[in-house]
**Student:** 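Following this message is one structure expressed as structure tokens.
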Amino acid sequence: MYNYLDFEKPVADLDLQILELKKIAQEKDSLNMSDEIARLEMRSQTALRDLYKKLSPWQKTQVARHPDRPHFMDYSAQLLTDVTPLAGDRKFAEDAAIQAGFARFKGEAIAYIGQEKGYDTQTRLHYNFGSARPEGYRKAARIMEMADRFQLPLLTFVDTAGAYPGVSAEERGQAEAIAQSTAATLRLQVPVVSVIIGEGGSGGAIAIAAANKVYMLEHSIYSVISPEGAASILWRDSARAKDAATNMRITAQDLYKLQIIDGIIPEPLGGAHRGKEIVIEATGNMISDALKSMAGKDGETIKKERWEKYLQIGRSLS
């Protein structure tokens, strides 16, 4: 059984019936329930397909936040080899919410930066739920500068509700750290590829996602603020997050139409958590194609193309 979201209840009910029938069939060998089980499995798949054909932006937000969705560590384990993580910003402390270092991707040396949320209470506290403090963004900028120095392509994996908003983070220059990280990304003379694998929240995301190529998983979200935060500001009621999500155009499909992202990576039916290896492999293939498209270009051209990409956003719609 999966962890079902609220809107998936019809599928959950069918899957529960299937499990109960399988249990009965195991306990009573004389009963042949294969036909009934097959019929229910077909109904379950059809119900799931119908649901995911017409997901609302709020439902996509729920899928993007699914607790079993593959996290950065899953992508790292399957796509990267010879991983050498680096820690600390050389100014204050280590921030585990941002994982960064050097590795090989399909045999080629690269630099990587990934936002990790954690899976259970202990790891979520360790990674601060993926919300980085200033030290995380200063570490990211440090890795970017090293990637530039050693002429290594940079891969970034975005999954955060936003930067940590606590008083301590503000005291240590959260806004400045995010701005410096964003600026560092734009200055790079090496290819930069970013993938939104879950949530891409506000400056916490753009700080490592101002890339040459930006891709989103099919059911991920990317926005200037969380739906709850937008609802609190617009209507002074965070319970209206569903309305905010609907109006903010935060889905991969909306952002591709607006030419803010460069492509959408398909997810298995029911979301990435139902086929982690499949979606991670598809992500690796998309990254590989992006790097090939920039191979042979000199550093100034790569940087100029990145600048032009962001300067052009919105102009075609005016």
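In this text, all values refer to a predicted model and were calculated from it rather than measured experimentally.
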**Student:** Before giving the answer on salt bridge (charged side-chain N to carboxylate O under 4.0 Å, His left out), spell out for D35 and R39 the whole-Å C-alpha distance, their side-chain angles and the decisive distance to 0.1 Å.
**Tutor:** CA-CA 6 Å; D35 290 343; R39 185 181 67 81; over 6 Å; no
**Student:** Is a donor from one side chain sitting under 3.5 angstrom from an acceptor on the other, for D120 and T123?
**Tutor:** yes
**Student:** Tell me, with the steps shown, if L291 and K106 meet side chain to side chain contact (heavy atoms under 4.5 Å, CB included).
**Tutor:** CA-CA 11 Å; L291 292 176; K106 296 186 182 295; over 6 Å; no
**Student:** Apply the test salt bridge (charged side-chain N to carboxylate O under 4.0 Å, His left out) to residues R133 and E171: give CA-CA distance (whole Å), side-chain angles for both, the deciding distance (0.1 Å), then the verdict.
**Tutor:** CA-CA 11 Å; R133 299 176 172 87; E171 289 175 340; over 6 Å; no
**Student:** Not counting sequence neighbours, which residues clear ring pair (Phe, Tyr, Trp, His ring centres under 6.0 Å) with F157? List them please.
**Tutor:** F72, Y75
**Student:** Please check this pair: side chain of D159 against backbone of E199, looking for a donor-acceptor N/O pair closer than 3.5 Å.
**Tutor:**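 At least one qualifying donor-acceptor pair exists.
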**Student:** Is any side-chain heavy atom of R142 closer than 4.5 Å to one of D89?
**Tutor:**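 They are not in contact (no side-chain heavy atoms under 4.5 Å apart), so the answer is no.
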**Student:** With a 4.5 Å cut-off on side-chain heavy atoms, are I233 and I225 touching?
**Tutor:** yes
**Student:** Under 3.5 Å, is there a donor-acceptor pair between the T301 and D298 side chains?
**Tutor:**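 Yes, because at least one side-chain N or O of T301 sits under 3.5 Å from a partner of the opposite role on D298.
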**Student:** Any side-chain heavy-atom pair from E281 and Q78 closer than 4.5 angstrom?
**Tutor:** yes
**Student:** Would you say the side-chain atoms of D95 and Y164 include a donor-acceptor pair closer than 3.5 Å?
**Tutor:**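 Note: D95 and Y164 side chains miss the donor-acceptor criterion.
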**Student:** Above 12 or not: heavy atoms from other molecules or residues under 6.0 Å from CZ of R249?
**Tutor:** no
**Student:** Is the CD atom of Q122 crowded by more than 12 outside heavy atoms at less than 6.0 Å?
**Tutor:**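 At most 12 heavy atoms, drawn from other residues, nucleotides or ligands, come within 6.0 Å of this atom.
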**Student:** Check the surroundings of atom CZ in R43: do more than 12 heavy atoms from other residues, nucleotides or ligands lie under 6.0 Å from it?
**Tutor:**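 12 or below, so no.
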**Student:** Test D237 against R240 for salt bridge (charged side-chain N to carboxylate O under 4.0 Å, His left out), laying out the working first.
**Tutor:** CA-CA 6 Å; D237 182 6; R240 294 189 63 180; 5.5 Å; no
**Student:** Let me see the working for Y215 and V193 under side chain to side chain contact (heavy atoms under 4.5 Å, CB included), right down to the final yes or no.
**Tutor:** CA-CA 8 Å; Y215 301 106; V193 181; 4.0 Å; yes
**Student:** Using a cut-off of 6.0 Å, state whether more than 12 heavy atoms not belonging to W307 lie near its atom CH2.
**Tutor:**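 Result for CH2/W307: open.
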**Student:** What pairs of residues pass the ring pair (Phe, Tyr, Trp, His ring centres under 6.0 Å) test when at least one of them lies in residues 247-279, not counting sequence neighbours?
**Tutor:**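 Residue pairs passing ring pair (Phe, Tyr, Trp, His ring centres under 6.0 Å), neighbours aside: H66-H273.
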**Student:** Would a 4.5 Å heavy-atom cut-off, applied to side chains only, mark I208 and M144 as touching?
**Tutor:**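 I208 vs M144: side chains touch.
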**Student:** Around atom NZ of K276, are there more than 12 heavy atoms from other residues, nucleotides or ligands closer than 6.0 Å?
**Tutor:**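 Yes, the 6.0 Å shell around NZ holds more than 12 heavy atoms from other groups.
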**Student:** Using the salt bridge (Lys or Arg N to Asp or Glu O under 4.0 Å) criterion, which residues pair with E218? Sequence neighbours excluded.
**Tutor:** none
**Student:** Do S131 and T160 touch side chain to side chain, with heavy atoms closer than 4.5 Å?
**Tutor:** yes
**Student:** Can you establish whether the number of heavy atoms outside E305 located under 6.0 Å from its atom CD is more than 12?
**Tutor:**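 Check passes, neighbour count above 12.
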